[in-house]
Amino acid sequence: MEYVQDDLIEEIDHRFGEEIGLEADYSSGVLEVAVGDRMWVINKQSPNKQIWWSSPFSGPKRFEWSSNSNPITGEDGSWMCTKEDGFELVSNLIRELDDAIEEELQDDRDTLQKFNLWKGERAS
């Protein structure tokens, strides 16, 4: 699970820097990632060697380790969804977080435009 967290945080920092509204917390085998009011929970299930996740976009999913190469990165092995072919954990989590962050940024732009503060304009 630490590898998933490290990969995720590295990819988010690479894409967005550290000035986004993303919070991540890892404790007792549970990784919680929040963007705004949306929360992803990724939970290690040691007895059955799975990772479970709950997503505000795609709902609950279960993942098992596959030694096949990752379809996105080409790296050896990845966590693949047990019910959806080709649904890989880290790349899909990144995609969903990317979408959520973009929505948050759009909401911020909309709020600024509402008060005429976008692009340096000041409200009268």
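What you see below is based on every heavy atom in this structure, not just the backbone, and it leaves out hydrogens, waters and symmetry mates.
- For the atom pair CG of D99 and CZ of F57, the computed distance is 6.0 Å after rounding to the nearest 0.5 Å.
- Once rounded to the nearest 0.5 Å, the distance linking CG of L89 with OG of S66 reads 12.5 Å.
- In plain terms, the two heavy atoms of K49 and W79 that are nearest each other are O-CZ3, 3.9 Å.
- When the salt bridge (charged side-chain N to carboxylate O under 4.0 Å, His left out) test is applied to E84, the partners found at least two apart in sequence or on another chain are K61.
- Among all heavy-atom pairs drawn from Q45 and N48, the shortest one is O-OD1, 2.9 Å.
- Taking the side chain to side chain contact (heavy atoms under 4.5 Å, CB included) definition, one finds that D85 meets it with nothing, sequence neighbours left out.
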Residues W65, I51; criterion side-chain contact (heavy atoms from CB on, under 4.5 Å); working and verdict: CA-CA 9 Å; W65 182 253; I51 293 178; over 6 Å; no
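- For the pair I42 and W53, the tightest heavy-atom approach, listed with the atom from each and the gap, is CG1-CB, 4.0 Å.
- The pair R38-E96 fails the salt-bridge criterion, with no side-chain N (NZ, NE, NH1 or NH2) lying under 4.0 Å from an Asp/Glu carboxylate O.
- The CG atom of D98 sits 10.5 Å away from the CD atom of E103 when rounded to the nearest 0.5 Å.
- With sequence neighbours excluded, no residue forms a side-chain hydrogen bond (donor to acceptor under 3.5 Å, both in side chains) with T82.
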Steps toward side-chain contact (heavy atoms from CB on, under 4.5 Å) verdict (W52, F63): CA-CA 6 Å; W52 294 0; F63 296 84; over 6 Å; no
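- Checked against side-chain hydrogen bond (donor to acceptor under 3.5 Å, both in side chains), R62 has no partners two or more places apart in sequence or in another chain.
- Contacts of E32 classified as side chain to side chain contact (heavy atoms under 4.5 Å, CB included), with partners at least two apart in sequence or in another chain: V30, M39, V41.
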